[in-house]
Trainee: 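Let me give you the structure first, and then I'll get to my questions.
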Amino acid sequence: MIDIKNIYKYFGDVHVLKGLNFTIDKGEVIVVIGPSGCGKSTFLRCLNLLEEPTYGEIWLSGDLLTPVDPYLHVDVIKASKTYGKMLKDRLDSGEVLSEELEAEIVAIIKRDDLLKKNEGALYNRLIKEIEAEYRIDINLARRKMGMVFQQFNLFPHMTVRKNITFAPVKLGIMSEEDANKSAEELLAKVGLLDKIDEYPDMLSGGQKQRVAIVRALAMKPEIMLFDEPTSALDPEMVGEVLGVMTDLAKEGMTMVVVTHEMGFAKEVATKVVFIDDGVVQEEATPEEFFNSPKHPRLREFLSKVL
């Protein structure tokens, strides 16, 4: 459903993500854990391009969300002037054309980041052809991905009802009548129907976060992204939000959750991913992840948080 291919992210000279690769299948609940500052939230924000990766590609159900990364397409690399010159130099030196030679030159170009902005007409044409066939408008892609933030991000001047119905109606996804009906049904599922005409400042933190989840669900997303959804809550409110997320998982919603809630990861995740120093150090089922961690850094991390 989502393919993350060689994602790098720089903020100036700060190298946050250093080549993330993995796949999220439909119905999976991926829990991402790791120490503070390791790149977890940056990775999540890259999935819907709130942060655009510096390198790499993200694919959602066969649609390309990011610009084409030429380093991920061998035919594009081979169409570049850089490749053509390196191949000519090697052949002129007496080497014989072979698949091994071609693969070696491609590997060198990737390793040393040798591609430039102007690599010729054929190179540019191939990139445009890939984008024309597969690239999707990010605003359309975001409709397929609901996101829940740490700080709720509800509109304070709108009632709960309006917070939930505003986007579906504004974007023409639903009529106002259908949006209201959907809002009522979703709020009933999370136990907040009686709060539908109240304003956010009248709600507890746990109630605000449940409304934020409903607002995301009202867009009928294919996947839900959660960025530490309980980190801003008082301890007694954490359970009510995790309960809603657990119910979503049981219903088959595809989810990616950045969290420090190890109990949730153990009980609900289909796969747990450990990110440290900008790379995926380990990924496994919860049982393998917590009972038989392989990477020394993961063992160290778990010894401190469990």
Side-chain angles (χ1 to χ4, degrees), residues 1-2 26-29 44-45 47-50 60-61 136-234 236-259 261 264 268:
M1 185 172 189
I2 297 185
K26 185 175 178 61
E28 279 198 303
V29 178
L44 196 74
R45 293 170 67 85
L47 289 184
N48 63 1
L49 266 60
L50 291 177
L60 172 63
S61 300
I136 187 175
D137 182 270
I138 187 56
N139 291 317
L140 294 177
R142 284 178 180 144
R143 295 185 188 182
K144 300 180 181 182
M145 292 188 284
M147 186 156 186
V148 178
F149 301 88
Q150 297 178 35
Q151 298 294 336
F152 324 129
N153 289 7
L154 299 176
F155 298 115
H157 62 290
M158 293 183 181
T159 63
V160 168
R161 181 194 303 273
K162 195 67 174 177
N163 263 283
I164 296 167
T165 61
F166 178 75
V169 173
K170 182 74 172 178
L171 294 173
I173 296 172
M174 297 182 192
S175 66
E176 190 162 348
E177 180 182 356
D178 288 341
N180 274 300
K181 182 179 179 182
S182 175
E184 292 170 2
E185 291 173 350
L186 289 168
L187 285 170
K189 285 180 66 175
V190 302
L192 290 177
L193 182 56
D194 60 327
K195 305 294 185 182
I196 192 167
D197 291 316
E198 295 187 3
Y199 287 86
D201 63 2
M202 302 170 69
L203 306 178
S204 69
Q207 290 170 337
K208 290 177 183 176
Q209 195 62 294
R210 281 185 282 165
V211 170
I213 293 172
V214 167
R215 181 177 61 178
L217 290 173
M219 295 293 290
K220 300 188 180 302
E222 296 177 11
I223 183 169
M224 287 284 288
L225 311 177
F226 294 87
D227 186 8
E228 300 193 28
T230 60
S231 64
L233 301 179
D234 292 333
E236 65 268 21
M237 296 178 183
V238 170
E240 60 191 60
V241 173
L242 293 180
V244 172
M245 295 168 63
T246 300
D247 289 342
L248 285 175
K250 290 177 179 177
E251 293 169 4
M253 174 62 75
T254 307
M255 298 163 61
V256 183
V257 184
V258 170
T259 185
E261 300 292 339
F264 178 85
V268 181

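In what follows, residues are counted from 1 in the order of the sequence shown. Scope of the values below: all heavy atoms of this structure, side chains included, with no hydrogens, waters or symmetry mates.
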Trainee: Does Thr230 have any side-chain hydrogen bond (donor to acceptor under 3.5 Å, both in side chains) partners at least two apart in sequence or in another chain, and if so, which?
Mentor: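 In terms of side-chain hydrogen bond (donor to acceptor under 3.5 Å, both in side chains), with neighbours along the sequence ignored, Thr230 is linked to Glu261.
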Trainee: Show your working on side chain to side chain contact (heavy atoms under 4.5 Å, CB included) between Ile223 and Leu47 and close with a plain yes or no.
Mentor: CA-CA 11 Å; Ile223 183 169; Leu47 289 184; 5.8 Å; no
Trainee: Side chains of Val211 and Leu154: does their closest heavy-atom pair fall under 4.5 Å?
Mentor: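 Side-chain contact under 4.5 Å: yes.
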Trainee: Determine yes or no for a side-chain-to-main-chain donor-acceptor pair under 3.5 angstrom, with Asp137 supplying the side chain and Asn139 the backbone.
Mentor: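 Pair found, side chain donor or acceptor close to backbone of Asn139.
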Trainee: Starting at OG1 of Thr259, measure out to CD of Gln150 and round the result to the nearest 0.5 Å.
Mentor: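 With rounding to 0.5 Å, OG1 (Thr259) is 10.0 Å from CD (Gln150).
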Trainee: Using side-chain heavy atoms (C-beta onward) and a distance below 4.5 Å, is Leu248 in contact with Phe226?
Mentor: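 A side-chain contact exists here, since the closest heavy-atom pair is under 4.5 Å.
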Trainee: For a side chain to side chain contact (heavy atoms under 4.5 Å, CB included) check, start with the C-alpha distance between Val257 and Met245, then their side-chain angles and the critical distance, and finish with the verdict.
Mentor: CA-CA 10 Å; Val257 184; Met245 295 168 63; 3.6 Å; yes
Trainee: Any idea which heavy atoms bring Pro229 and Val148 closest together, and the distance?
Mentor: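 So the minimum-distance heavy-atom pair works out to CB-CG1, 4.4 Å.
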Trainee: Of all residues at least two apart in sequence or in a different chain, which pass the side-chain hydrogen bond (donor to acceptor under 3.5 Å, both in side chains) check with Glu28?
Mentor: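 side-chain hydrogen bond (donor to acceptor under 3.5 Å, both in side chains) check on Glu28 returns nothing, list empty.
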Trainee: Please assess Ile213 against Val190 for the test side chain to side chain contact (heavy atoms under 4.5 Å, CB included), listing each intermediate value before the final yes or no.
Mentor: CA-CA 9 Å; Ile213 293 172; Val190 302; 5.7 Å; no
Trainee: Mind checking what makes salt bridge (charged side-chain N to carboxylate O under 4.0 Å, His left out) contact with Arg161, not counting sequence neighbours?
Mentor: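 Per chain and number, Arg161 pairs via salt bridge (charged side-chain N to carboxylate O under 4.0 Å, His left out) with Glu184, Asp197.
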Trainee: CG of Asn180 to CD of Glu185: how many Å apart, nearest 0.5 Å?
Mentor: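 So the gap between those two atoms works out to 11.0 Å.
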Trainee: Output the distance between atom CZ (Phe155) and atom CD1 (Ile164), rounded to the nearest 0.5 Å.
Mentor: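 Between atom CZ of Phe155 and atom CD1 of Ile164 there are 12.5 Å.
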Trainee: Supply the atom-to-atom distance Lys144 NZ to Asn48 CG, rounded to the nearest 0.5 angstrom.
Mentor: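 The distance works out to 13.5 Å.
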Trainee: With a 3.5 Å distance limit and no angle check, can you tell me whether Glu198 reaches the backbone of Lys195 through a side-chain donor-acceptor pair?
Mentor: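 Side chain of Glu198 to backbone of Lys195: no pair is present.
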Trainee: Locate the shortest heavy-atom distance separating Ala218 from Pro168; write the atom from each residue and the value.
Mentor: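 Residues Ala218 and Pro168, closest heavy atoms: O-CG, 4.0 Å.
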Trainee: Provide the closest heavy-atom pair for Arg215 versus Phe152 in the form atom of the first, atom of the second, distance.
Mentor: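 Reported closest heavy-atom pair: NH2-O, 3.2 Å.
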Trainee: Would you say CD of Glu251 has more than 12 non-hydrogen atoms from neighbouring residues, nucleotides or ligands within 6.0 angstrom?
Mentor: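 Yes, enclosed.
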Trainee: Given side chains that start at C-beta, do those of Val214 and Asn163 come closer than 4.5 Å, heavy atoms only?
Mentor: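 No. Closest side-chain heavy atoms not under 4.5 Å.
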Trainee: Can you tell me if CD on Glu176 sees more than 12 non-hydrogen neighbours from other groups inside 6.0 Å?
Mentor: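 Atom CD in Glu176 is not packed in, count stays at 12 or less.
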Trainee: Taking all non-hydrogen atoms of both residues into account, name the closest pair between Glu222 and Ser61 and its distance.
Mentor: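 That closest heavy-atom pairing would be OE1-OG, 3.6 Å.
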Trainee: Identify the two heavy atoms, one from Thr254 and one from Gly27, that lie closest to each other, and give their separation to 0.1 Å.
Mentor: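 Shortest heavy-atom contact: OG1-N, 2.7 Å.
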Trainee: Over all heavy atoms of both residues, which pair between Thr246 and Phe264 is shortest? Give the atoms and the distance, please.
Mentor: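 Taking every non-hydrogen atom into account, OG1-CE1, 3.8 Å.
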Trainee: Would you check if Leu44 and Met147 make a side-chain contact, meaning some heavy-atom pair closer than 4.5 Å?
Mentor: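 Yes, side chains in contact.
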Trainee: Kindly compute the distance separating CE (Met219) from CE (Met224), expressed to the nearest 0.5 Å.
Mentor: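 It comes to 11.5 Å.
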Trainee: Show your reasoning for whether side chain to side chain contact (heavy atoms under 4.5 Å, CB included) applies to Lys220 and Met174.
Mentor: CA-CA 11 Å; Lys220 300 188 180 302; Met174 297 182 192; 3.5 Å; yes
Trainee: Could you state the interatomic distance from CD1 (Ile138) to CG (Leu49), rounded to the nearest 0.5 Å?
Mentor: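 Result: 4.5 Å between the selected atoms.
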Trainee: Can you find a heavy atom in the side chain of Ile136 that is under 4.5 Å from one in the side chain of Leu60?
Mentor: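 Answer no - side chains too far apart.
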